[in-house]
Amino acid sequence: FKAGSLSEADDGPLYLRLQSMIRSGIADGRLRPNDALPAERDLATNLGVSRVTVRKALRGLVDEGVLRQRHGSGTFVSRSADRIEQPLSRLTSFTEDMRSSGRVPGTRWLDRSTDRPSAEEATILGLPTGARVTRLSRLRLVDGDPVAIEAAVVPASAIPDPLRVDASLYDALAAAGMHPVRAVQRLAAISLGAAEAALLGVMPGAAAVAIERIAYLPDGSVIEFTRSHYRGDACDFVAELSLAS
Ligand code: GLP
């Protein structure tokens with residue numbers, strides 16, 4: 001990022017010229033995945049533009065997924081080839097999905113406890129009065145990077161001891177002879193609040209995909225009610241579609 005290099009570029013708004021300079025740096029390998037960009041104020045000084053211009057350029061590339069910003073530590077070139085993929089048309093677990101794509105899933109527990117269900121949870125899980133739930137909330141990592149926050153609620157009758165769930169909820173259910181066979185899943189776009197953004201290492205307000213899954217056992221009972229927030233800059237959701245017959 002040399003002084004004057006922006007003015008040598010084509011005409012057009014300065015932030016677009018800065019963006020195309022960064023893009024060509026990535027294209028020709030001068031900027032590599034995970035490389036840190038200079039601090040905003042250094043970029044502004046070196047290039048002789050305002051910090052507002054730098055910020056606008058970086059923000060646009062972050063929104064496109066070309067760069068990513070980590071709260072407090074700066075702006076980096078994305079590992080775009082490293083976006084994780086979640087299948088939308090198969091009932092699989094996070095652990096399974098990551099392993100089948102050669103990635104290493106990780107977990108940081110935020111809550112593992114038994115509790116009384118909220119009214120909503122009791123209704124969704126179809127619990128009798130007085131029944132308890134097991135709460136499993138965790139930060140999910142892939143190859144060491146946080147990608148999602150996931151809060152699962154299951155009937156305590158299915159998993160009485162939350163500490164028995166190690167890395168995978170579905171493995172713990174399978175060990176207890178329970179195999180979800182059907183799920184209803186709902187996706188929505190959200191922007192992350194400050195606390196979640198900090199856990200995920202992104203800027204407050206960053207885009208995420210909220211997923212709600214309700215999974216059923218073969219007898220039709222609900223075994224899982226899970227809310228997840230997946231980082232928008234790190235995850236793709238893929239479904240195979242066929243023509244309705
Ligand atoms: C996905 C689903 C969750 C499910 C989880 C189980 O992430 N969105 O609803 O609870 O998989 O994954 P694991 O068995 O790795 O805990």
Side-chain angles (χ1 to χ4, degrees), residues 82-115 117-118 120-121 123-127 132-190 192 196 199-200 202 207-218 220-240:
D82 278 0
R83 289 176 69 88
I84 63 164
E85 271 195 15
Q86 292 263 300
L88 280 183
S89 39
R90 269 174 298 141
L91 178 49
T92 51
S93 76
F94 182 85
T95 305
E96 233 180 309
D97 292 340
M98 293 312 117
R99 291 208 175 123
S100 64
S101 53
R103 318 291 293 263
V104 181
T107 299
R108 198 177 115 204
W109 287 103
L110 304 172
D111 181 17
R112 243 186 318 180
S113 59
T114 57
D115 193 8
S118 68
E120 181 196 33
E121 290 163 353
T123 308
I124 289 176
L125 293 171
L127 295 175
R132 295 175 70 79
V133 289
T134 289
R135 288 187 196 287
L136 303 160
S137 299
R138 55 202 156 147
L139 185 63
R140 312 220 63 168
L141 301 101
V142 174
D143 300 335
D145 280 336
V147 296
I149 294 169
E150 195 150 69
V153 184
V154 299
S157 54
I159 308 248
D161 178 4
L163 298 180
R164 294 290 285 275
V165 183
D166 180 16
S168 162
L169 168 60
Y170 280 23
D171 283 357
L173 290 173
M178 283 172 270
H179 303 275
V181 288
R182 189 172 79 83
V184 176
Q185 197 160 269
R186 183 180 290 270
L187 278 70
I190 59 160
L192 293 165
E196 289 204 327
L199 283 170
L200 291 169
V202 295
V209 177
I211 302 187
E212 206 175 88
R213 181 184 288 187
I214 298 175
Y216 298 82
L217 293 177
S221 61
V222 174
I223 186 62
E224 169 198 16
F225 172 41
T226 296
R227 286 194 164 125
S228 319
H229 291 168
Y230 282 82
R231 263 175 47 196
D233 66 339
C235 309
D236 289 330
F237 300 91
V238 185
E240 188 181 312

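If you're wondering where the values come from, they're calculated on a predicted model, not measured in any experiment. Start at 1 and go down the list; that is how both ligands and their atoms are numbered.
The heavy atom nearest to atom 8 (N) of ligand 1, out of those in R99, E150, R138, is found in E150. Between E212, Q185, E224, it is E224 that holds the heavy atom closest to atom 10 (O) of ligand 1. The residue from R213, E96, R140 that puts a heavy atom closest to atom 13 (P) of ligand 1 is R140.
The shortest N/O to N/O separation between L169 and ligand 1 falls below 3.5 Å. Not one N or O of I211 is nearer than 3.5 Å to an N or O of ligand 1, by distance alone.
Of the N and O atoms on the side chains of S118 and E120, not one donor lies less than 3.5 Å from an acceptor on the other residue. Side-chain atoms of D111 and S113 form a donor-acceptor pair, as typed in the model, at a separation below 3.5 Å.
The closest approach between any non-hydrogen atom of Y230 and ligand 1 is below 4.0 Å.
Neither the backbone nor the side chain of A152 has a heavy atom within less than 4.0 Å of ligand 1.
Interatomic distance, I149 CD1 to E196 CD, rounded to the nearest 0.5 Å: 4.0 Å. How far OH of Y230 is from CG of L192: 13.5 Å, rounded to the nearest 0.5 Å. In this structure, I159 CD1 and E224 CD are separated by 10.0 Å, a value rounded to the nearest 0.5 Å.
Residues L127 and E121 are not in side-chain contact: their nearest non-hydrogen atoms beyond the backbone lie 4.5 Å or more apart. Residues L187 and F237 have side chains in contact (heavy-atom distance under 4.5 Å, counting atoms from C-beta outward).
With hydrogens left out, the protein atom closest to atom 14 (O) of ligand 1 is S168 OG, 2.5 Å, a heavy atom. What sits closest to atom 11 (O) of ligand 1 on the protein, heavy atoms only, is F94 N, 3.0 Å.
Residue-ligand proximity, T95 to ligand 1, at heavy-atom distances under 4.0 Å covers atoms 13 (P), 15 (O).
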